[in-house]
Amino acid sequence: MPISGFPEVLPAQRFAELAVLDRLRTTFELHGFAPLETPAVESLDQLTRKGEIEKEVYVLRRLHADAGDDGNVELGLHFDLTVPFARFVLENAGRLEFPFRRYQIQKVWRGERPQQGRYREFTQADIDVIARDTLPFHHDVEVARVMAEALSTLDFLPPLRLQVNNRKLIQGFYTGLGAPDVAAVMREIDKLDKVPAEVVHRALIGTAGLTSEQADQCLALAQVSSADTSFVPAVEALGVKHELLAEGLAELAAVIEGCAGITGVTVEADLRIARGLDYYTGTVFETRMQGYESLGSVCSGGRYDSLASDGKVTYPGVGISLGVTRLLMPLFQRGELSTSRSVPSAVLVALPNEDDRAACDAIAQQLRARGIATEVAATPQKFGKQIRYAERRGIPFVWFPGDTHEVKDIRSGDQAVADPAVWTPPTEDLHPQVVFTEDIP
RNA sequence: GUGGGUGUAGCUCAGCUGGUAGAGCGCUGCGUUGUGGUCGCAGAUGUCGCGGGUUCGAGUCCCGUCACUCACCCCA
């Protein structure tokens with residue numbers, strides 16, 4: 001049994017995961033994002049630079065470390081890809097062309113207690129755009145759009161909703177309303193997922209120091225959501241006025257408009273999204289998967305104006321991070337996502353006799369040369385056994401060598417004469433196909 | 001870190017107030033002597049998580065421990 005929180009991915013599942021990674025990569029690169037890989041290990045200084053001691057970091061240590069030579073450089077495994085990226089940007093600022101756009105798909109580690117959808121080792125796929133001094137707002141739109149497009153290529157997943165909000169908008173709203181502690185209001189509003197509105201209402205009065213009317217207003221704002229820009233008049237109707245609010249509204253509207261026309265993924269403004277107390281300063285993202293709401297967000301991010309700074313120059317950025325493991329493992333566990341077969345082979349060449357192995361290998365080579373994944377039967381068992389071997393693994397075709405070759409589609413039972421120099425399986429059988437099975441009775 | 005739940009065959013689980021360990025699925029073989037799936041017949045597999053205690057006797061009761069799992073916290 002694998003160690004809890006360190007998922008083990010079986011072949012059929014791994015095919016699905018690789019398909020996801022391929023599509024993400026393709027989309028990211030189509031939009032000009034450059035690949036980057038940073039080390040799994042960073043100095044503890046770097047990892048905790050933002051004072052985020054909250055995150056449980058796995059530290060790295062040699063089993064046989066010399067007692068005397070304690071080399072007091074403390075190392076840890078990275079817990080996300082944004083912090084290492086910020087370090088990378090600062091170190092390479094002189095060599096980079098800004099705005100710098102990169103994608104990064106890597107494992108990260110967090111020493112938390114694992115549970116459904118929460119792992120200690122998992123894969124994240126991040127895209128970020130970072131600039132020197134100032135980063136034009138249209139990159140917020142770009143990042144949202146690229147991730148939404150990437151997600152829409154994952155057509156075998158349950159429906160996804162990319163929910164967008166803007167910290168300026170809610171901050172401006174709460175400030176314009178006269179809230180004494182804006183951060184406290186956000187913290188309480190963030191609990192609306194799990195706590196009934198009445199409880200949040202009481203907390204807004206008790207903990208965040210609002211009047212009952214102000215609390216009503218905050219809850220009213222949190223209820224606003226729309227997949228188009230109709231949220232703008234809805235917010236304005238609440239009657240609160242503030243410069244930041246107006247700015248945030250305009251930005252959020254721009255993101256929603258910029259994502260218009262994307263199909264397969266719902267992109268909507270949802271004014272309850274707050275993203276805790278992170279480094280986000282404007283646009284914020286969260287993503288939920290239908291039927292898997294309890295997982296929380298599977299893809300989050302936002303605008304951070306001051307994540308990276310060397311004291312003189314500040315590098316503002318905007319990014320979004322997809323939790324590939326969180327997205328896929330729960331689907332695997334419920335048996336809703338799998339692959340048409342557990343091996344790459346599209347063809348099994350039957351082996352009549354051990355003496356025929358060389359001839360069978362030659363047939364396999366002919367097929368492989370044309371891109372058809374092929375294996376030769378391991379032992380010259382009865383053909384019934386060899387067919388069953390293929391069936392168990394989901395291999396769709398069994399090849400019978402002879403004076404006239406024959407190939408059998410073991411799903412239909414159809415068998416026909418074939419020439420290894422020209423025969424090709426249907427395109428959909430060439431590679432394992434990712435399949436989403438609605439639900440199992 | 002805090003608080004619940006669960007550990008029995010490869011998998012899903014049953015096993016009552018203690019009395020020598022079970023089902024379904026899967027697996028292997030045969031029927032079907034070189035073309036699978038259906039069907040029939042036969043067969044194999046367990047340190048009952050681990051350690052201790054109570055008892056004539058513990059899968060069952062008690063204590064400890066480990067693992068898994070769920071919730072809180074936090075988040076992908």
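The chains referred to below are lettered A, B, ... by the order of the sequence lines, with proteins before strands, and numbering in each begins at 1. Reckoned from all heavy atoms, side chains included, excluding hydrogens, waters and symmetry mates.
Counting non-hydrogen atoms of other residues, nucleotides and ligands closer than 6.0 Å to CZ of Arg23(A) gives a total above 12. Heavy-atom neighbours of Arg357(A) CZ from other residues, nucleotides or ligands within 6.0 Å: above the threshold of 12. His431(A) NE2: 12 or fewer foreign heavy atoms inside a 6.0 Å radius.
Ring geometry for Tyr279(A) against Tyr304(A) counts as perpendicular: the plane angle is over 60°, on a 0 to 90° scale with 30° as the lower cut. A tilted orientation is assigned to the rings of Phe33(A) and Phe28(A), their planes being inclined by 30° to 60°.
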Taking only N/O atoms, report every protein-nucleotides 2-6 of chain B pair under 3.5 Å with atom names and distance.
residue, atom, partner, partner atom, Å
rU2(B), O4, Arg113(A), NH2, 3.0

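rA76(B) has no stacking from Tyr119(A) on its base ring, since the centres under 5.5 angstrom apart and planes within 30 degrees of parallel are not both found.
Here the P atom of nucleotide rA76(B) and the OH atom of Tyr280(A) are 6 Å apart, to the nearest Å. Asp409(A) has its CG atom 13 Å from the C1' atom of rG36(B), to the nearest Å. Put simply, CD1 on Ile395(A) is 17 Å from P on rG36(B), counting in whole angstrom units. Per the geometry, CD belonging to Glu112(A) stands 13 Å off P belonging to rC72(B), to the nearest Å.
One C1' atom belongs to rU55(B), the other to rC62(B), and the distance between them is 12 Å to the nearest Å. rU69(B) and rG31(B) have their C1' atoms separated by 46 Å, given to the nearest Å. Of the P atoms belonging to rG19(B) and rC61(B), the separation is 11 Å, rounded to the nearest Å. Separation of the C1' atoms belonging to rG15(B) and rU33(B) is 44 Å when rounded to the nearest angstrom. Between rG64(B) and rG43(B), the two C1' atoms lie 41 Å apart (nearest whole Å). Between the C1' atoms of rU45(B) and rG4(B), the separation comes to 35 Å (whole Å). With both ends at atom P, the span from rC48(B) to rA9(B) equals 10 Å, rounded to whole Å. Separating the C1' atom of rG22(B) from that of rG59(B) is a span of 12 Å, rounded to the nearest Å.
In this structure rU2(B) sits in a base pair with rA71(B), meeting the Watson-Crick or G-U test at under 3.5 Å. Within the shown strands, rG49(B) is the pairing partner of rU65(B) under the Watson-Crick or G-U definition, both distances less than 3.5 Å. Under the Watson-Crick and G-U wobble criteria, each requiring two contacts below 3.5 Å, nucleotide rA9(B) is left unpaired. The base-pairing partner of rC39(B), taking Watson-Crick or G-U wobble contacts with both distances under 3.5 Å, is rG31(B). Nucleotide rA76(B) forms no Watson-Crick or G-U wobble pair with any nucleotide shown, as no partner meets the under 3.5 Å limit on both distances.
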> Stepwise, does the salt bridge (Lys or Arg N to Asp or Glu O under 4.0 Å) test hold for Arg388(A) with Glu391(A)?
Replying inline: CA-CA 5 Å; Arg388(A) 196 164 65 169; Glu391(A) 188 198 9; over 6 Å; no
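Between Arg388(A) and rG29(B), a side-chain N or O to OP1/OP2 separation shorter than 4.0 Å is present. For rA67(B), neither phosphate oxygen OP1 nor OP2 lies less than 4.0 angstrom from any side-chain nitrogen or oxygen of Ser4(A). In this structure, Lys408(A) does not reach the rG37(B) phosphate: none of its side-chain N or O atoms is under 4.0 Å from OP1 or OP2. Between Gln115(A) and the phosphate of rA71(B), there is a side-chain N or O to OP1/OP2 separation shorter than 4.0 Å. Neither OP1 nor OP2 of rU35(B) sits under 4.0 Å from any side-chain N or O of Lys382(A).
No donor-acceptor contact under 3.5 angstrom links the side chains of Arg113(A) and Gln115(A), judged on distance only.
If Arg326(A) and Arg392(A) are placed on RNA chain B by their nearest nucleotide, the residue sitting closer to the 5' end is Arg392(A). Both Gly323(A) and Gly384(A) sit near RNA chain B, but only Gly384(A) has its closest nucleotide nearer the 5' end.
Figure legend: Arg393(A) and Tyr389(A) shown as a cation-pi pair, the cationic atom lying under 6.0 angstrom from the six-membered ring centre and within 45 degrees of its axis.
Interface remark: the Gln415(A) side chain does form a donor-acceptor pair with the rU35(B) base, using a distance-only criterion of under 3.5 Å. Side-chain N/O atoms of Arg110(A) and base N/O atoms of rC74(B) include no donor-acceptor pair closer than 3.5 Å.
Among the nucleotides rG37(B), rU35(B), rA76(B), the one closest to the side chain of Ser321(A) is rA76(B).
Ring centroids of Phe100(A) and Tyr315(A) are separated by 6.0 Å or more, keeping the two rings apart.
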